[in-house]
*Asks:* 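Attaching a single structure in structure tokens format; questions to follow.
Reminder, nothing fancy here: chain letters follow the sequence lines and each chain counts from 1.
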There are 2 protein chains.
Amino acid sequence: MTTLSGTGPRRVRRATMSDVARLAGVSIKTVSRVVNDEPGVHQATAERVLAAIDQLGFRRNLSARNLRRGSSAGIVGLVMEDVANPFYSELTGAVEEVARQHGRHVLAASSGEDPDRERELALEFCARRVDGLIVVPAGVQHGYLVPEMRAGTPAVFVDRPAGDVVADTVLVDNIGGTVAAVQHLARYGHRRIAFLGDAPDIFTAAERLRGFREGCARAGVRYDEDLVAMGPHDAPGIGATLRRLLRGPEPATALVTGNNRITVLVLRALAGQRDRPALVGFDDFELADLVNPPVTVIAHDVAALGRTAAELLFARLDGDGAPPRRVVLPVRLVTRGSGEVPA
Amino acid sequence: MTTLSGTGPRRVRRATMSDVARLAGVSIKTVSRVVNDEPGVHQATAERVLAAIDQLGFRRNLSARNLRRGSSAGIVGLVMEDVANPFYSELTGAVEEVARQHGRHVLAASSGEDPDRERELALEFCARRVDGLIVVPAGVQHGYLVPEMRAGTPAVFVDRPAGDVVADTVLVDNIGGTVAAVQHLARYGHRRIAFLGDAPDIFTAAERLRGFREGCARAGVRYDEDLVAMGPHDAPGIGATLRRLLRGPEPATALVTGNNRITVLVLRALAGQRDRPALVGFDDFELADLVNPPVTVIAHDVAALGRTAAELLFARLDGDGAPPRRVVLPVRLVTRGSGEVPA
DNA sequence: TCCGGGCATGACAACGTTGTCCGGGACCGG
DNA sequence: CCGGTCCCGGACAACGTTGTCATGCCCGGA
């Protein structure tokens, strides 16, 4: 049992190949050969070197190695809104898995939906010479990435398209999803359907609103601006919003929520009420089937989103020079009963 | 609108200071001065340099910079079971936030509960010269980190202690939590309480089982081995396990689950049944208050876990040489009604 | 005895950057 | 006109590693 902390030899300089070489009485190059399993080292010499390595706790400096060899850093950068959000952590997990298959690690960071911070993070990752970037765009201007991409750092955008750059992008079918949601509710007789979306400057929020309008049109439901509440939303605000939507002579009888956080806010705000309005939420979430009543959702495969993005990225790294691709992943209406409440 | 992909100038070599210097007609050092905002460069010269930088899309190589300056990489490594698990992503978010305050990024990786992979990841991070490591241990042997820690890469263990190394560790009060859970259930008359825990070689699972036994002793409830089912669990298995526990002449009337995933498995397995046994789950989870009936949990502050670990780490990086600390964070029984079902 | 060849090892430069130090010109006062 | 100072700019080494090439040695064959 070894006790460790800052105590002991105070912050020793890390041993280098030089140190190992000196201790083993050989040249630096020989140490390098041993460390890299290169042939042409006498067994006895190699053993001396290994002993020295062990004694000094030497571990070769990968940064220096990569610098010298011009090899890749072995890291892909991932910039998104919030690493702590389960939606993004599932995305991260999928990216990590593909990266692992390609021998890379993932450097993930949260932009907090702030375009300046996103830019700062992405550019710093480039300065670290990450092999590539996967970005969930916060802003609408990504010209800053053009020099980086030209310089050989490919970027793939996920969940939202880049602002002013045509590049590889992976999206979900936002419009199709909300169209399906409205049609589903209309099929059960709902004529007063409200939409609670995220901030309208977020691409997905705007698209889903578009889909909502189109769904109304297709289903023959009157689109009423008073029944639309775009974010950002918080717990106190959502309560007031719901009261407004659900009162009056023509209250909403059904709700469509624009993402998983809003869905949860709504569920919590409506908890304990006698009868909840019908509800269809964009994004599936764990336990959607176990709340009472279960929540019908527009589900999509978040892992596939990350996987596809990572695969596009590695294709670029492997030299794929095709024109930029835009992949749109399908969504799927998962009915769980709550939508079937007739109006 | 710029179109980008692998097309265009095929994978150009990234511009270096040399290239910039040549284009601007100055020396490398002058470029360095401009890039680093060092004084002593004529304004006209600086502008020529900036123009060249812009034209070439130059961005200085941070690896080379850090190598030369001996400065830190600006990265802390985080090794845990699964980045996609919401529990760990909340942890990651907290670590990231503290890291950000200290000007660092987080390199996160999943060990998949495999000690070999954990070791491999941790050592590779050390080779990358991360500033420090935060590890959720998968195995029980961490002697491999001793040379690294001695060499100046501090490590902090989270959620579980290291196997054979005494180092900074942040835990939650596993025993106190399950003791409280059993006492809570006993108070409502339960005498047949079952425990569903994770694989017993996982530290937290073992501790929580210990707490369960101790809780039984303190509450005067007979501890019955037949009512204990340790994992790993999966969806099909948990159904069979529950049938076994809940049948017979002396069925369990209450359950204690050992972590959030098991809790959810149980909820799903029991969904739709007329009356669910009383349930207390270790770990809080989103929507625990919205399932029916709501789930009483042993809650702890996952973010605090990550924050504390990161703060310990940065204290070490700032030269804190005190003996290793072990911090145990409190847990809190959050009653939500389900435990109050009398036996 | 000499020589060619294979083997083990080492000297050196280079990756891209920054710190140290030095030189040369402009400018000033005497 | 001379010496000193200030300012701008550059040459060079170094960070820790690896690729290239050279060296010394031993061996067998002529």
*Asks:* Identify all pairs in which a protein N or O lies below 3.5 Å from an N or O of nucleotides 22-24 of chain C, and state each distance.
*Replies:*
none

*Asks:* Can you tell me the distance, in whole Å, between the CZ atom of A/Phe58 and the C1' atom of D/dG16?
*Replies:*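 About 8 Å, once rounded to whole Å.
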*Asks:* Counting any heavy atom closer than 4.0 Å, what does A/Gln43 reach on the DNA or RNA strands: base, sugar-phosphate only, or nothing?
*Replies:*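 Counting heavy atoms under 4.0 Å across all strands, no contact is made by A/Gln43.
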*Asks:* Separation of B/Asn66 atom CG from D/dC15 atom C1', in whole Å?
*Replies:*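 Distance check: B/Asn66 CG to D/dC15 C1' gives 11 Å.
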*Asks:* Just to be sure I understand the rule, does A/Gly40 reach a base, reach only the sugar-phosphate, or reach nothing, if contact means heavy atoms closer than 4.0 Å?
*Replies:*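 The answer is base, as A/Gly40 lies within the cut-off (heavy atoms under 4.0 Å) of a base atom.
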*Asks:* Closer than 4.0 angstrom, basic N to acidic O: yes or no for B/Arg160 and B/Glu113?
*Replies:*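 Yes, charged N to carboxylate O under 4.0 Å.
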*Asks:* For B/Val26, report the nucleic acid contact type (base, sugar-phosphate, nothing); a contact means any heavy atom under 4.0 Å.
*Replies:*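 Here B/Val26 touches the backbone only, sparing every base.
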*Asks:* How many Å lie between CD on B/Glu38 and P on D/dC8, as a whole number?
*Replies:*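 The answer, rounded to whole Å, is 13 Å.
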*Asks:* If we check side-chain hydrogen bond (donor to acceptor under 3.5 Å, both in side chains) with B/Asp131, which of these qualifies: B/Arg104, B/Arg316, B/His105?
*Replies:*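 Testing each of B/Arg104, B/Arg316, B/His105 against B/Asp131, the sole residue satisfying side-chain hydrogen bond (donor to acceptor under 3.5 Å, both in side chains) is B/Arg104.
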*Asks:* Any side-chain N or O of B/Arg60 below 4.0 angstrom from OP1/OP2 of C/dT17?
*Replies:*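 It does not, given that no N or O in the side chain of B/Arg60 lies less than 4.0 Å from OP1 or OP2 of C/dT17.
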*Asks:* OP1 or OP2 of D/dG9 versus the side-chain N and O atoms of B/Ser27: is any pair under 4.0 Å?
*Replies:*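 No, B/Ser27 has no side-chain N/O under 4.0 Å of OP1/OP2 on D/dG9.
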*Asks:* Under 4.0 Å, heavy atoms only, any strand: does A/Leu62 hit a base, just the sugar-phosphate, or nothing?
*Replies:*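 No contact.
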*Asks:* Is A/Glu148 paired with B/Arg14 through a side-chain N to carboxylate O contact shorter than 4.0 Å?
*Replies:*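 Salt bridge between B/Arg14 and A/Glu148, a charged N being under 4.0 Å from a carboxylate O: yes.
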*Asks:* Quick check on DNA chain D: between B/Pro39 and A/Arg65, whose nearest nucleotide comes earlier from the 5' end?
*Replies:*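 Of the two residues, B/Pro39 wins.
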*Asks:* Within less than 4.0 Å of OP1 or OP2 of D/dG9, is there a side-chain N or O belonging to B/Thr30?
*Replies:*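 B/Thr30 to D/dG9 OP1/OP2: no side-chain N or O under 4.0 Å.
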*Asks:* Distance check needed: D/dG9 C1' versus B/Met17 CE, whole Å only.
*Replies:*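 Rounded to the whole Å, the gap is 15 Å.
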*Asks:* Can you label the angle between the A/Phe157 ring and the A/His142 ring as parallel, tilted or perpendicular, going by 30° and 60°?
*Replies:*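 The rings of A/Phe157 and A/His142 stand perpendicular, inter-plane angle above 60°.
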*Asks:* To the nearest Å, give me how far apart CG (A/Leu67) and C1' (C/dT17) are.
*Replies:*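 Roughly 8 Å, once rounded to whole Å.
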*Asks:* Any idea which of D/dG16, C/dT17, C/dG10 is nearest the B/Asn61 side chain?
*Replies:*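 For the B/Asn61 side chain, the nearest candidate turns out to be C/dT17.
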*Asks:* Give the rounded distance in Å between these two atoms: CD1 of B/Ile53 and C1' of C/dT17.
*Replies:*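 Taking atom C1' of C/dT17 as the reference, CD1 of B/Ile53 is at 13 Å.
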*Asks:* Would you say the base of D/dT18 and the side-chain of A/Arg68 have a donor-acceptor pair closer than 3.5 Å?
*Replies:*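 Side chain to base: pair found, below 3.5 Å.
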*Asks:* Confirm from the modelled atom types if A/Arg33 and C/dG10 form a donor-acceptor pair under 3.5 Å, side chain to base only.
*Replies:*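 Indeed there is one.
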*Asks:* Can you tell me how far P of D/dT20 sits from NZ of A/Lys29, to the nearest Å?
*Replies:*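 So the two atoms are 9 Å apart, to the nearest Å.
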*Asks:* Send over the distance from B/Arg69 CZ to C/dT18 P, rounded to a whole Å.
*Replies:*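 Answer to the nearest Å: 7 Å.
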*Asks:* Counting any heavy atom closer than 4.0 Å, what does B/Thr16 reach on the DNA or RNA strands: base, sugar-phosphate only, or nothing?
*Replies:*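 Contact class for B/Thr16: sugar-phosphate only.
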*Asks:* Determine, for A/Asp19 against A/Arg22, whether the closest basic-nitrogen to carboxylate-oxygen distance falls under 4.0 angstrom.
*Replies:*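 Looking at A/Arg22 together with A/Asp19, the answer is yes, because their closest N to O distance falls below 4.0 Å.
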*Asks:* OP1 or OP2 of C/dT9 sitting under 4.0 Å from any side-chain N/O of A/Thr45?
*Replies:*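 Yes, within the criterion.
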*Asks:* With sequence neighbours excluded, tell me which residues meet side chain to side chain donor-acceptor pair (under 3.5 Å) with B/Arg33.
*Replies:*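 Once residues adjacent in sequence are excluded, B/Arg33 has no partner under the side chain to side chain donor-acceptor pair (under 3.5 Å) criterion.
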*Asks:* May I ask you to decide whether B/Arg100 forms a salt bridge with B/Glu96, counting only side-chain N to carboxylate O separations under 4.0 Å?
*Replies:*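 Judged by the 4.0 Å cut-off on N to carboxylate O distance, B/Arg100 and B/Glu96 do not form a salt bridge.
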*Asks:* Output yes when B/Glu124 and B/Arg128 qualify as a salt bridge under the 4.0 Å nitrogen-oxygen rule, no when they do not.
*Replies:*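 Judged by the 4.0 Å cut-off on N to carboxylate O distance, B/Glu124 and B/Arg128 do form a salt bridge.
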